[in-house]
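Okay, so here's the structure we're looking at.
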Amino acid sequence: QVQLVESGGGLVQAGGSLRLSCAASGSIFSINVMGWYRQAPGEQRELVASIRGSGRTNYADSVKGRFAISRDNAKNTVYLQMTSLKPEDTAVYYCNAEVRTYQVMIGRDYWGEGTLVTVSS
């Protein structure tokens, strides 16, 4: 079993910064892609940013130049540095990881429970 635990959400004023962290634990053999998604009230969940084990990154157009994703493979942890935050960034942010476990050597998606980010205007 794999657990993803997020931290770092909170309330921030527009223009401010926050850093989200997500640590994966459990019977992990390897992690391919790690990423962050978000879901605003009444909206569908959307990809914010992702990063492969190679370090290759992908960003939603709405956050390019403002957010930066990184990972520490030794710690099975992914980070999302958010700067120049806008009220429209307000959402629950979910961590996602494609994990191969020692029991199931096929990549499966795992999700964290989410952390709320609120940006006030």
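We use all heavy atoms of the structure for the numbers below, so side chains are in, but hydrogens, waters and symmetry mates are not.
Residues passing the ring-ring contact (aromatic ring centres under 6.0 Å, His included) test with Y79: none are found, sequence neighbours excluded. Partners of N73 under the side chain to side chain donor-acceptor pair (under 3.5 Å) rule, at least two apart in sequence or in another chain, are R71.
Residues R66 and S84 share a closest heavy-atom pair of NH1-O, 2.9 Å. Across all non-hydrogen atoms, the minimal contact from A14 to P87 is CB-CD, 4.1 Å. Among all heavy-atom pairs drawn from K75 and T77, the shortest one is O-OG1, 2.9 Å. In terms of heavy-atom proximity, V33 sits nearest to S50 at CG1-CB, 3.9 Å.
Every pair passing disulfide bond (SG atoms under 2.5 Å apart) that includes a residue from residues 8-121 is listed here, sequence neighbours excluded: C22-C95. Residue pairs meeting the salt bridge (Lys or Arg N to Asp or Glu O under 4.0 Å) criterion with at least one partner in residues 106-120, sequence neighbours excluded, do not occur; the list is empty. Sequence neighbours left out, the pairs with a member in residues 34-49 that pass salt bridge (Lys or Arg N to Asp or Glu O under 4.0 Å) are R38-E46, R38-D89. A ring pair (Phe, Tyr, Trp, His ring centres under 6.0 Å) check over residues 14-70, counting only residues at least two apart or in different chains, returns the pairs F29-Y102, Y37-W111.
If you chain together hydrophobic residues whose side chains sit under 4.5 Å apart, V12 and L20 fall into the same group. When the side chains of ILVMFWY residues are joined at heavy-atom separations under 4.5 Å, either directly or via intervening members, V63 and Y94 end up in two distinct hydrophobic clusters.
Separation of atoms CD1 (I69) and CE (M82) is listed at 11.5 Å; rounding is to 0.5 Å. Rounded to the nearest 0.5 Å, atoms CE (M105) and CZ (R100) are 5.0 Å apart. Here Q1 contributes atom CD and T101 contributes atom OG1; the two are 9.0 Å apart, rounded to the nearest 0.5 Å. Separating the CD atom in E98 from the OH atom in Y110 is a distance of 11.0 Å, to the nearest 0.5 Å. To the nearest 0.5 Å, atoms CD (Q3) and CG (N76) are separated by 12.0 Å. To the nearest 0.5 Å, atom OG of residue S21 and atom CD of residue E6 are 10.5 Å apart.
With hydrogens and angles disregarded, a donor-acceptor distance shorter than 3.5 Å links the side chain of T90 to the backbone of V119.
Side chains of I31 and V78 form no contact here, defined as non-hydrogen atoms less than 4.5 Å apart.
Residue Q13 qualifies as open at atom CD: its count of foreign heavy atoms under 6.0 Å is 12 or below.
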